[in-house]
Structures are given as C-alpha cells and as structure tokens.
Amino acid sequence: MREWLDDALFYEIYPQSFKDTNGDGIGDLKGIAEKLDYIKELGCNAIWINPCFDSPFVDAGYDVRDYYQVAPRYGTNEDLKHVFEEAHRRQMHVLLDLVPGHTSTECEWFKQSALPEKNRYTDRYIWTDKVWNAPQGIGNITGWLRGGYDREGACALNFFTAQTALNYGFYNKDEGCDWEQDMNDPGPLSTREEIKNIMRFWLSMGADGFRVDMAASLVKNDPESKGTIALWQDIRAFLDREYPEASLVSEWGDPARSLTAGFNMDFLLHFGPSHYPDLFRTDHPFFRKDGQGDLTDFWRIYNENYRKASKLHSLICIPSGNHDMIRMARFLDPDEMKIAFAFLLSMPGVPFIYYGDELGMRYVDVPHSVEGGYERTGSRSPMQWDKTVNAGFSTAAPDRLYIRQDTENMSVINAESEKQDPDSIYSEVARLIALRKEHEALHNWSTFRLISDSYPLIYERSGCTEDLIVAINPTAENRSFEGISAGEVIYSTFGKTLKKEEGIITLPPQSAFYLRKE
Ligand code: GLC
Ligand code: CA
C-alpha cells in the first residue's frame, strides 16, 4: 500500500506562477505538463499543486466555488487529467490540494444554505440562531459572517471573511444550545460524505492523493482534536477500502495528532508546536553562518514526533518553504542555503521543495497584495526559467503578469543559467537528491538517530545495507566533535575536507559531510 511514498520527493507548484502557455500572464495546467521533465530532471518524482479549482480567488483558490471543476484560467478537467497521465508516464505522482474546512461564499452550497427556506444545504455550514448571536472564543472559528443574506443567523468563518466554515459538528457540544450540531447529526455527516465524493471524483480521474488544507480545523470546539482525529480516521478507512494507494499529507503541523488521524504524512510548519522556523526562518536561523541558532526545542519535539511517526508507519515532511512562508532566500544566502539543503535532503520522511527554492529565488517586494496573499505575495512570484522575456514564464506584457517578477535578479537566478553552473544552488540540490536516491541509508524510511544537536550538527541514518553519518557545520568557524568513527567521505559541500585526529573530527567553516560509519 502506498509504496510510492517510499522514495517520494515532492515539488510544490503554485499553479498561477509556474508556467503560462497561453500568454494571459497566469500559469496553467498545460504549463505544468510541459515542465514535468524539468522537475524530474531535478530529481523530484512527485508534485503537489495548490488549489486549481473554480474560485473567485479571494484567497488564491483556497476559496473554492466548485470542487468538481478546474478553474477556467488553468484549463479544463481534461487538462488536469492530462497532467496525471503525463506524470504517471514519467513514474511521477500528483497530489491535489483539498480544502475541506470552508468554501467560498460564492459556492452554490453556500448560496443555498443562506436561503431562509429549508433545503438540502441548510446545515452544510455553521449558522447560529440569530444574526446578533456571534459567540467569541469557540476554538477553530475565526469569526462570523453577519448580515447580507435573508437567512436568520450568523455564519461561522474558517479563515478570511469570504471563507465560510463547513459544518462537521461540535466535539464539546453545548447541550443548552440548539444551533450547535453533533458530529453525527445528518448535516455534518452529509458534509463529510460530500468530501469523500470530491476525493472519489479526482482519484478516479488519476490523482494520487491530496494535500489537505487546514486539516485540524474541521470539528469545532475540539481542543484536543479528538473529534477531528476520529473524522479523518473514518476518511482514511474509506480510502483504504476504495483507493488504498491514495496518500494524504496534512497541513496540521503536529504529527502526533495528524498521523494518529490517519494521515500518511504531516508537514512541519511555520505555525504549531514544531519549532520549524528555528531551522531557516527566525532572527537567528540555525543555518546562518553567524552560528547563533538554537535547535534545542526543535530537536526535543522532532525526536518525540519521529518516534510516534515510526510507530504509526507514517512520515514527517520538512518543506524548504511553501506559498504561505517568506522564502528561505530572505533569511539565508546561497552558500547557507546549500548547507540547509544538505540537511533537508538527508533527513528521514518526505522532503518538499517549494518551486524556485532550488534556484534560490528571492522574496520579491511587491507594491500590494495579490489575491489574498498579503505578506505571502512576495513568495509567490513567477518562476524564473531562462533569460528570455518575463524569464520564460509568460509571453504577456510584464504589467499583465499575475505577480511582479524579481526583475533585478532573474537574469542571474533562473533555471537555465543555474543548470549550467556546477556551483549553483540548483546543481547542489540535484547532487544531493541523486545521493539520497543512491544511498539506502538516506531513504525516506531509513532510521534516524541524533548524535549532536548543535554546532556541529551530527546524526546517523541507517538502512538495511548501510549506515551513514551526516555532519554539518553551518558556522564560519571550525567545529569539532569527539566520539564518532567516521569513515569514507561520500559527499562534502564545496569540496571541503574533514580533519580526523584521534577520534575527533573537525569540520571546516560552512561545510556539510555525508560519511560512512566505521
Ligand atoms: C492554508 C493555506 C493558505 C490559505 C489558508 C486558508 O493555510 O496554505 O494559503 O490561505 O489555509 O485556506
Ligand atoms: Ca495562462
């Protein structure tokens, strides 16, 4: 079951900004199909596409209007099917983005639900009994939509104002309240069945699974996520019956919970308890050469989660970034990024590379927000392919592009130039991916043991056929460690050399090594 996850290595595509094939300034599905070879050549064998469904794009497509229809600006359902087929032909897999927590207020379900007359969508969303009744402090409800519709009541929100919360019921239901529904009431159950139908629809067309948006948000007033966990376990059981190969990765950021819920993988994220930002994105990221980082909290939580994930036979995903985070290149310089990738690509679990991070694409200062991006907009600029007009992203006039490009730098930072330069971030990432594939000890399921949690960072990866040591010194000074028997060097960044003397290894400034264990 889901054997394809054993060697999966993901590339995240923000479809708006990847490749435009019809000159309208917005990326599209034909563009994704066209660029699968680029992704494969880098070494990734799986993609996650951000929502590509019909939407008014108040939140870049995370406000779905019709779950069964590709947004016309990206193409047609046939075009998406073609992406699945082209990916499969290359032994690649495709995850779509499922947004189960909320819809756009323009979704037909919501329009029906907002009518005063009772109909089959009346209970699809969470409505109070009076428009004046908008209670504060109910976990997972971010606000209320009040007025504007003839139905009496206020409707719960899950994120922005245009994203009304679907009704999966309340875990701690207030018994005295007659508008809060139980998880097993007909309304919440029919919402859940609709989500299963959406999954069936795309899986039967060829999708390989879903990245699940705000996976922890479904059941309300559920402080320990017990209701939401039970709900996902039910969905996993349905998948195991009907689509056993389908994989789910959660945007949850708390593997202890999400993996219990039946997700095959969970992301470490910029929010939640994981301390993920300490790696690449605090004031003092660990991988910056000033050596001021501190991963104590990160490792404490990671080790605990790693044990739980192994027991549940599921995986932790460390992303280079995503469409919600400020790009790594804003915090780390190119050499620091190469060392960060030597870490990311030697950890267990499933690595995720955000499009353009393999080039060191920069966070772009944009004059204003685009489609609900706000500060996230600068991380969503068009992919830089080559030195032609608009860096090969689109033939549209530059002022018609979805988001402004990194015009100052795109003649240097682009896929074509970086592929030709053996010292580029791209070349380093491609080398590291090739090593990960070649060495069984670096595979997704091979075991992990932390040996030194600071500078230098040292851990052991073990498979059935080999044991490797990874030793990383991001700092600008020599760093030594006593007590490991390191053998042959199979990888070193910048061709640096490791000193070994009487059981002490010394790593030169800014270096990373993969070593055989002796
Ligand atoms: C997730 C998405 C983010 C979106 C939000 C609401 O966090 O990654 O982009 O805005 O959910 O759906
Ligand atoms: Ca287009």
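For clarity, every value in this text was computed on a predicted model and none was experimentally measured. In each ligand, atom 1 is the first atom listed, and ligand 1 is the first ligand listed.
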(request) Starting from atom 1 (C) of ligand 1, locate the nearest protein heavy atom and write down its residue, its atom name and how far away it is, to 0.1 Å. (result) Asp213 OD1, 2.7 Å
(request) Could you list the atoms of ligand 1 found under 4.0 angstrom from a heavy atom of Arg376? (result) 3 (C), 4 (C), 9 (O), 10 (O)
(message) Could you work out, for atom 10 (O) of ligand 1, the closest of Asp63, Asn322, Asp59 by heavy-atom distance?
(response) Asp59
(message) Between ligand 1 and Met325, can you find any atom pair, the residue atom being a heavy atom, that is separated by under 4.0 Å?
(response) no
(request) Could you confirm whether Asn22 has any N/O/S atom lying under 3.0 Å from the Ca ion (ligand 2)? (result) yes
(request) Look at atom 9 (O) of ligand 1 and say which protein heavy atom is nearest, naming residue and atom and giving the distance to 0.1 Å. (result) Asp324 OD1, 2.7 Å
(message) Among all the protein's non-hydrogen atoms, which is closest to atom 7 (O) of ligand 1, and how far away is it?
(response) Glu251 OE2, 2.7 Å
(request) Under 4.0 Å from a heavy atom of Phe159: give me the atoms of ligand 1 that qualify, with their elements. (result) 5 (C), 6 (C), 10 (O)
(request) For ligand 1, indicate whether the residue Arg211 contacts it via side chain, backbone, both or neither (heavy-atom separation under 4.0 Å). (result) side chain
(request) Kindly check if the number of other-residue, nucleotide or ligand heavy atoms within 6.0 Å of NZ (Lys196) is above 12? (result) yes
(request) Using a strict 4.0 Å cut-off to heavy atoms of His102, name the atoms of ligand 1 that fall inside it. (result) 6 (C), 12 (O)
(request) With the Ca ion (ligand 2) at the centre, find the angle made by O from Ile26 and OD1 from Asp24, to 10°. (result) 80°
(message) Cation-pi check for Phe286 against Arg281: NZ or CZ below 6.0 Å from the six-membered ring centre and within 45 degrees of the axis, yes or no?
(response) no
(message) Does the plane of the ring in Tyr276 sit parallel, tilted or perpendicular to the ring in Phe280? Use 30° and 60° as the thresholds.
(response) perpendicular
(message) Suppose you place the vertex at the Ca ion (ligand 2); what is the angle out to Asp28 OD2 and Asp20 OD1, to 10°?
(response) 80°
(request) Taking only heavy atoms of His323 into account, list the atoms of ligand 1 that are under 4.0 Å away from them. (result) 2 (C), 3 (C), 8 (O), 9 (O)
(message) Both conditions, 6.0 Å and 45 degrees, for the charged tip of Lys81 above the ring of Trp202: are they met here?
(response) no
(message) Ring centres under 6.0 Å, that's the criterion: do Tyr125 and Phe110 meet it?
(response) yes
(request) Would you verify whether the NZ or CZ of Arg73 falls within 45 degrees of the ring axis of Phe57 while also being under 6.0 Å from that six-membered ring's centre? (result) yes
(message) Using side-chain heavy atoms (C-beta onward) and a distance below 4.5 Å, is Lys173 in contact with Gln181?
(response) no
(request) Assess the pair Tyr62 and His323: is the distance between their ring centroids shorter than 6.0 Å? (result) yes
(message) Assess whether a salt bridge exists between Arg257 and Glu224, defined as any Lys/Arg side-chain N lying under 4.0 Å from an Asp/Glu carboxylate O.
(response) no
